[in-house]
Amino acid sequence: MAIDGQVIAVAKGDLSPRELALLSALVPQLKSTHPWALYLQGQGPAPSKKEVRFLQFAVSFEKAAASEADWLEAFISLFTSKATGFFLTSGRGVIVEPQSKTPASLDELQGMMDTLDTDFGTKTRLFVGHFWQPSDEMPNLFAEESRLAESTSGRLENLQSIALNFYTQNPRSRSTIMKTLTTQISQDDLDMKPVINALYQNQGNLTAAAKALYLHRNTLQYRIDKFQSQTGFSLKQMDDLVLCYLLVQGK
């Protein structure tokens, strides 16, 4: 099994019945005996030597008329590569996509999710992992990607989109400077978080950010200028923008 990013093996014979019951309660039980599911839980060999990535999904069937098996079969059929998949627990599972010349792009994955949710009446979230070469470290890599996936409520995220925030959470929470600057930004303008996020996600491009925010470019420019006069941070400068992006995360 994998716990907190580390694969741990414990012989059942060394555990008492009470310890076995506690362990079962703490660790979700596998729904699948799929070879990849067993491998990622440290219970079997790698099913392939080729690079793959793990697309971790969370899906709600609250208003769905189809079964998990039908939904998963439909999802897998949308890939051009020989993808496979399984449910690890109820409502949560993994698509295993092999590396290819044309892996599914984020836009294509967004379209797949829209299609599935429309056809099946589901609500789907997806975390797109990195391509990894199968090795002894892969279960640990998967476990860490699982923590990344669980740290966000976004509908479609990947390693690149949340790594900066995820891996700086603890240092930021301990920094007096970061706490003070966060408070100052909050006091100066409570409406700047969506502006900062849009600018960051669009690499500082004002036109693209204004479009994402449904604002006129001049209105966005005014807010940026006002923010700079209040805080001293220029959101046109990438270093300032990245710092402000980190400051507003978690607000």
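With a 4.5 Å cut-off on side-chain heavy atoms, Phe233 and Leu243 count as touching. Contact check for Ile224 versus Leu206: side-chain heavy atoms found under the 4.5 Å cut-off. Using a 4.5 Å cut-off on side-chain heavy atoms (C-beta onward), Leu109 and Met112 make contact. For the pair Glu137/Glu144, no side-chain contact is recorded, criterion being any heavy-atom separation below 4.5 Å from C-beta on. For the pair Val96 and Phe86, the minimum side-chain heavy-atom distance is below 4.5 Å. At a threshold of 4.5 Å between non-hydrogen side-chain atoms, the residues Thr219 and Leu213 do not count as touching. Contact check for Thr152 versus Asn165: no side-chain heavy atoms found under the 4.5 Å cut-off. In this structure the side chain of Gln41 reaches within 4.5 angstrom of the side chain of Leu88, judged on heavy atoms.
Applying the ring pair (Phe, Tyr, Trp, His ring centres under 6.0 Å) test to residues at least two apart or on different chains, the pairs with a partner in residues 135-163 are Phe54-Phe142. The salt bridge (Lys or Arg N to Asp or Glu O under 4.0 Å) pairs that include a residue from residues 99-118 are Asp114-Arg155, Asp117-Arg155, where partners are two or more places apart or lie in different chains.
Of the inter-residue distances, the one linking Phe75 atom CZ with Thr122 atom OG1 reads 10.0 Å to the nearest 0.5 angstrom. In this structure, CD in Gln169 is found 9.0 Å from CD in Gln249, a value given to the nearest 0.5 Å. How far CE of Met138 is from CG of Leu141: 7.0 Å, rounded to the nearest 0.5 Å. Here the straight-line distance linking atom CD1 of Ile76 with atom NZ of Lys82 works out to 14.0 Å at 0.5 Å rounding. Once rounded to the nearest 0.5 Å, the distance linking OG1 of Thr180 with CE of Met178 reads 10.5 Å. Note that OG of Ser175 is 12.5 Å distant from CG of Asn170, once rounded to the nearest 0.5 Å.
Minimum interatomic distance between Ile185 and Thr231 (heavy atoms only, all atoms of both residues): CG1-CG2, 4.5 Å. The heavy-atom pair separating Leu40 from Pro139 by the smallest distance is O-CB, 3.8 Å. In terms of heavy atoms, Phe61 sits closest to Ser67 at CE2-O, 3.9 Å. Taking all atoms of both residues into account, the shortest heavy-atom contact from Arg125 to Ser153 is CD-O, 3.5 Å. For the pair Gly44 and Tyr39, the tightest heavy-atom approach, listed with the atom from each and the gap, is O-CD1, 3.2 Å. The two atoms that bring Pro98 and Val52 nearest to each other are CA-CG1, 3.9 Å, heavy atoms only.
Classification of the Trp132-His130 ring pair by plane angle, with boundaries at 30° and 60°, yields perpendicular. Between Phe57 and Phe87, the two ring planes are perpendicular [angle over 60°; tilted spans 30° to 60°].
When the side chain to side chain contact (heavy atoms under 4.5 Å, CB included) test is applied to Gln237, the partners found at least two apart in sequence or on another chain are Ser234, Asp240. For Ser77, there are no side chain to side chain contact (heavy atoms under 4.5 Å, CB included) partners at least two apart in sequence or on another chain. Residues satisfying the ring-ring contact (aromatic ring centres under 6.0 Å, His included) test with Tyr245, not counting sequence neighbours, are Tyr200. Glu51 pairs by the side chain to side chain contact (heavy atoms under 4.5 Å, CB included) definition with Gln99, Phe131, Gln133, not counting sequence neighbours. Residues satisfying the side chain to side chain contact (heavy atoms under 4.5 Å, CB included) test with Pro35, not counting sequence neighbours, are Pro47. Not counting sequence neighbours, the partners of Thr168 by the side-chain hydrogen bond (donor to acceptor under 3.5 Å, both in side chains) test are Arg172. Partners of Gln160 according to the side-chain hydrogen bond (donor to acceptor under 3.5 Å, both in side chains) rule, which considers only residues two or more places apart in sequence or in another chain, are Asn158. Asp225 pairs by the side-chain hydrogen bond (donor to acceptor under 3.5 Å, both in side chains) definition with Gln221, not counting sequence neighbours. A search for salt bridge (Lys or Arg N to Asp or Glu O under 4.0 Å) contacts involving Arg53 returns Glu97, not counting sequence neighbours.
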Apply side-chain contact (heavy atoms from CB on, under 4.5 Å) to Leu247 and Ile196, showing your working.
CA-CA 10 Å; Leu247 292 173; Ile196 292 168; over 6 Å; no
Go through Lys179 and Thr183 one step at a time and tell me if the side-chain contact (heavy atoms from CB on, under 4.5 Å) criterion holds.
CA-CA 6 Å; Lys179 289 179 181 178; Thr183 300; 5.5 Å; no
Please determine whether side-chain hydrogen bond (donor to acceptor under 3.5 Å, both in side chains) holds for the pair Gln56 and Ser146, giving the CA-CA distance in whole Å, both sets of side-chain angles, and the decisive distance to 0.1 Å.
CA-CA 8 Å; Gln56 300 192 44; Ser146 296; 3.1 Å; yes
Apply side-chain contact (heavy atoms from CB on, under 4.5 Å) to residues Met192 and Val248 and explain how you reach the verdict.
CA-CA 9 Å; Met192 285 304 292; Val248 300; over 6 Å; no
Mind running side-chain contact (heavy atoms from CB on, under 4.5 Å) on Thr84 and Trp36 for me, showing each step along the way?
CA-CA 9 Å; Thr84 185; Trp36 277 107; 3.9 Å; yes
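Grouping Ile, Leu, Val, Met, Phe, Trp and Tyr by side-chain contacts under 4.5 Å, direct or through others, puts Ile162 with Phe127, Leu148, Leu159, Phe166, Tyr167.
Transitive grouping of hydrophobic side chains (ILVMFWY, heavy atoms separated by less than 4.5 Å) keeps Tyr214 and Tyr222 in distinct clusters.
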